Amino acid sequence: MSQGPELIITEKDNAARRIADILSGGSAEADRKNGVNVYKWGGKRCIGLSGHVVGVDFPPEYNDWRDVEPVELIDAPIDKHPTQENIVSALRLLARRAGRVVIATDYDREGELIGKEAYELVREVNEDVPVDRVRFSSITENEVTEAFANPDELDFNLAAAGETRQIIDLVWGAALTRYLSLSARQLGDDFISVGRVQGPTLKLIVDREREIEAFDPEDYWELFADLEKAASEDADAASFEAQYFYLDEDGNEAERVWDEDDAERAYETLESSSTADVESVRRRTRTDDPPAPFNTTQFIRAAGSLGYSAQRAMSIAEDLYTAGYVTYPRTDNTVYPDDLEPRDLLDAFSGTRTFGDDADSLLDQEDIEPTAGDEETTDHPPIHPTGELPSHSDLSEDEWEVYELVVRRFFATVAESATWEHLRVVASVAGDDEDLSLKANGKRLVEPGYHAVYPYSNASESFVPDVTEGEELAVTDTSLDAKQTQPPRRYGQSRLIETMESMGIGTKATRHDVIQKLYDRGYIESDPPRPTRLARAVVEASEEFAERIVSEEMTAQLEQDMQAITRGDATLEEVTDESREILEEVFEGLMESGEDVGEHLQKSLKADKTVGECPECGGDLVIRKSRRGSYFIGCDAYPDCTYTLPLPSTGKPLLLEETCEEHGLAHVKMLAGRKTFVHGCPLCKAEEADEQEDLVIGPCPDCHEEHGGELAIKRLRSGSRLVGCTRYPDCEYSLPLPRRGDIEVTEETCEEHDLPELRIVYDDEDREPWDLGCPICNYREYQAEQSESGSDLESVSGIGEKTAEKLKDAGVENVESLKEAEPDAVADQVDGVGPDTVREWQAKAD
DNA sequence: GCAAGGTC
């Protein structure tokens, strides 16, 4: 037996650091090996992986999509190879000398598989070192020491269950994705994908859209009356709104009147009445329990109601976690671990500016019993603050807002229930044949309980005065509202994630990514997401030939099979063989269908980008992308027809259902995050620009002296407006102007530039005009602001927060330096970015 | 270049 150091392997660096800290009593020191952190103390080493450091894939000879028939992938061999070379070689180096290995990956199925992957890497270089497995569900002193005192063995069955999932997902996903892409001749970046999780998620969205389209609205009416309680010695007059109701055939209360004549008859009675008698008053006290601790899904939902997309919420949570302010953000658990001491954690907030008062009031409670949700898992604790507090200046505004949400959610889970007093009043109005009933429901928060520390949940009250049975109220106003039943609402991102969770598809760590993937593939657009024609075609084709790939049943079945493998009642081979046979049958059906699937997909792809009829040749006008990466509208008959229309330079075009009455072309919306706007009919925009004469306002600072150039307010055919030189294109001097509002030239002049000051006036009368001033001075101020706020990289469409960070790391600080950068050099330094992408950004930035 | 699952 070798006497080398003990090697502890965790799933991530963060866990490695904290476990080393606990086991060493704080004496562990970090050392870098191969660019990977290794924590060292006594005879021990601890290294963190980065999730899976090996991946499954087909051998390289299957890489060419055209050379390999998709059906061949079903029985193709599958290799496992390192995907994180530096971590793998650091691990090998340490494992060679180790005298004992302890696998301390996360306590869930995927953690067991990651542990087994580490085990296999260890075995490659060290045949007989003993390998143990420890399991703990939160990294606390108690749990970790306990786990290391009682080591267990790796569960190879559980790991095999995970591998089974990897194989089935790869085979089905790759074979069907390639088949659909090839049949639709979509082989570039715009391939057509399907998979066990994205399939059912997309079908969810498409099915909802189908319901909305099939929806037949129905008319109904509702009646309301304002009732007033007369003033008395102790109180002023008080009025409140009551709604008409009746008992339907089943004896249930109903408010909607489905027949117009009935509604009008009832309204006549109501309108002609000046008083109503209180028939009954009912008071009830209701307790409103505080919410359960945050798991990932509920966190995303709460952040969603603050306006954060699922993707953004997770990215912020990730940052807060890495900085040490909140616990691990990917968890299913809604039950705090036993060793979480609410008082200790509250103490950490006591005395702080933002949270001190609330923490103290919670600490004043006699006993503190945190709430618990339905899910108790072994993966990680629910998301809560760690007790290490950031100061305001450590965080961006968004980060602070999300941090405060997590803190306050923790506060809410240890706070008391709220108490509401409900007051229900029924009054009647006398009619000729029959009396009408009116009801009002009042709600008063008597004990705010957790609402005092958690302002995110609805605590609004509705007022109904204290009335008594038999009291007479005045009818001061009445209304008859004609309404229509509404179609079901589209799924928002957080509803989608909640629904995926309830269907059992995806995981806490992937559901938000899946939604992002659907956007990236061109399957959904806008927010809440709407499916494209392509998405419908993909779902339709799948429903017909590969129903499993769009059904949640595939996951349910896989889950059962994995449980059988875990129990030892089935094997990886049995389950994957059976799955491959089913996929063979799917392919038989697809082959028989001939070209139909491909044609349908191609038609839908084209429909997604067809704007309307070409005014010159009658062909189809479609959205195209120029070589420089900008979008424009061109004729499908190109090169026979060269008709084009420009589009704005910011954002990605989305065609709306609405069409232009004059030209019959679809209206265009430009999607650009917060800068999204409706462009409208592209032909109208072009014509408006053609009709409007340039308005000269003064000398061009670049070329007036030499060539007599002058500045003019111009409208471009793409819809944008600018102040530019009349000698364009010989002189390219230009200043941007806002897209919206009428531009007024005022009497005031800027002496420095000899230009009039401009004012922007809006159609919306409530909106104050904007005194933009001299266009040159204004642009200078704008640029100064941009450079002060740090980076403006994210203003280029296609560059998100993460990419901007990576660019800055590569020395590209702002748009100016991006424009001057060498595309190949940037591409070399930034992961996942090619030179063409850089050129595309440069073109857009211009 | 395909999936889904880890993690950054």
Side-chain angles (χ1 to χ4, degrees), chain A residues 10-16 35-37 48-58 60 62-68 70 72-74 76 78 83-84 86-87 105-106 108-118 159 161-182 186-202 314-315 317-323 328-331 379-380 500 505-514 516-518 520-521 549 554-555 558-559 562 579 583 801-803 805-806 809 831-832 834:
Chain A
T10 70
E11 190 155 322
K12 41 191 170 279
D13 176 59
N14 227 311
V36 183
N37 287 332
L49 307 176
S50 182
H52 291 287
V53 292
V54 296
V56 291
D57 210 345
F58 302 110
Y62 288 84
N63 279 354
D64 194 317
W65 291 31
R66 273 159 301 208
D67 275 2
V68 181
E72 290 179 54
L73 294 177
I74 300 175
I78 292 176
T83 48
Q84 306 263 19
N86 56 337
I87 297 177
T105 46
D106 291 356
D108 55 21
R109 184 170 58 219
E110 216 63 30
E112 207 67 22
L113 174 53
I114 291 167
K116 189 211 160 193
E117 288 160 1
E163 279 183 292
T164 304
R165 179 200 59 69
Q166 288 185 317
I167 294 167
I168 291 176
D169 282 342
L170 174 65
V171 172
W172 279 74
L176 287 171
T177 293
R178 285 199 196 177
Y179 184 88
L180 293 182
S181 303
L182 281 161
Q186 289 285 303
L187 289 187
D189 293 338
D190 299 324
F191 59 86
I192 297 173
S193 67
V194 280
R196 175 178 56 84
V197 177
Q198 54 175 287
T201 307
L202 189 57
M314 284 311 286
S315 150
E318 176 83 43
D319 289 343
L320 293 171
Y321 156 72
T322 322
Y328 193 63
R330 296 185 270 268
T331 178
D379 57 354
H380 296 89
M500 291 169 75
I505 57 174
T507 73
K508 67 234 172 186
T510 58
R511 290 184 195 112
H512 62 277
D513 287 331
V514 170
Q516 188 55 46
K517 188 171 276 181
L518 299 181
D520 294 345
R521 297 280 193 269
I549 208 70
M554 181 166 175
T555 297
L558 179 61
E559 203 59 54
M562 286 195 289
S579 179
L583 185 56
E801 191 188 6
K802 289 235 163 106
T803 316
E805 283 302 317
K806 288 192 210 165
D809 290 343
D831 281 349

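Only a predicted model underlies this, so the values are computations on that prediction, with no experimental measurement involved. Quick note on labels: first sequence line is chain A, next is B, and so on, each numbered from 1.
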Base, sugar-phosphate, or nothing: which does [X] touch, judged by heavy atoms less than 4.0 Å apart?
X         : result
Tyr328(A) : sugar-phosphate
Trp65(A)  : base
Gly506(A) : sugar-phosphate
Arg521(A) : sugar-phosphate

If you only use heavy atoms from C-beta on, which nucleotide in [options] is closest to the side chain of [X]?
X         : options                : answer
Glu318(A) : dC2(B), dA3(B), dC8(B) : dC8(B)
Glu110(A) : dA3(B), dT7(B), dG5(B) : dG5(B)
Arg330(A) : dC2(B), dT7(B), dA3(B) : dT7(B)
Asp57(A)  : dA3(B), dC2(B), dT7(B) : dC2(B)

> Of all residues at least two apart in sequence or in a different chain, which pass the ring pair (Phe, Tyr, Trp, His ring centres under 6.0 Å) check with Phe58(A)?
Replying inline: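 By the ring pair (Phe, Tyr, Trp, His ring centres under 6.0 Å) rule, Phe58(A) matches no residue at all.
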Output the rounded distance in Å from [atom1] ([X]) to [atom2] ([N]).
X         : N      : atom1 : atom2 : result
Ile114(A) : dC8(B) : CD1   : P     : 11 Å
Glu117(A) : dT7(B) : CD    : P     : 12 Å
Met314(A) : dG5(B) : CE    : C1'   : 14 Å
His512(A) : dT7(B) : NE2   : P     : 11 Å
Leu202(A) : dA3(B) : CG    : P     : 13 Å
Lys508(A) : dA4(B) : NZ    : C1'   : 14 Å
Asp13(A)  : dG6(B) : CG    : P     : 19 Å
Ile78(A)  : dC2(B) : CD1   : C1'   : 12 Å

Is the phosphate of [N], meaning OP1 or OP2, less than 4.0 Å from a side-chain N or O of [X]?
X         : N      : value
Gln84(A)  : dT7(B) : no
Arg196(A) : dC2(B) : no
Thr507(A) : dG6(B) : yes
Arg165(A) : dG5(B) : no
Tyr321(A) : dT7(B) : no
Ser50(A)  : dC8(B) : no
Gln198(A) : dA3(B) : yes

> Taking 4.0 angstrom as the limit, do Lys508(A) and Asp108(A) come out as a salt bridge?
Replying inline: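 Result for this pair is yes, salt bridge flagged.
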> Charged N to carboxylate O below 4.0 Å: is that the case for Arg109(A) and Glu559(A)?
Replying inline: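 Result for this pair is yes, salt bridge flagged.
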> More 5' along DNA chain B: Lys12(A) or Val194(A), using each one's nearest nucleotide?
Replying inline: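 On the 5' side of the pair lies Val194(A).
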>> I want to confirm an ordering. Mapping Asp106(A) and Val197(A) to their closest nucleotides on DNA chain B, which one lands closer to the 5' end?
In response: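 This one resolves to Val197(A).
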> Is a side-chain N or O of Thr555(A) found less than 3.5 angstrom from the main chain of Ile505(A), in a donor-acceptor match?
Replying inline: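 Pair absent, no side-chain N/O of Thr555(A) close to backbone of Ile505(A).
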> Going by the angle between their ring planes, with limits at 30° and 60°, are His380(A) and Tyr328(A) parallel, tilted or perpendicular?
Replying inline: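 The arrangement is tilted - the two ring planes meet at 30° to 60°.
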> How far apart are the closest heavy atoms of Thr83(A) and His52(A), and which atoms are they?
Replying inline: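 For Thr83(A) and His52(A), the tightest heavy-atom pair comes out as OG1-O, 3.9 Å.
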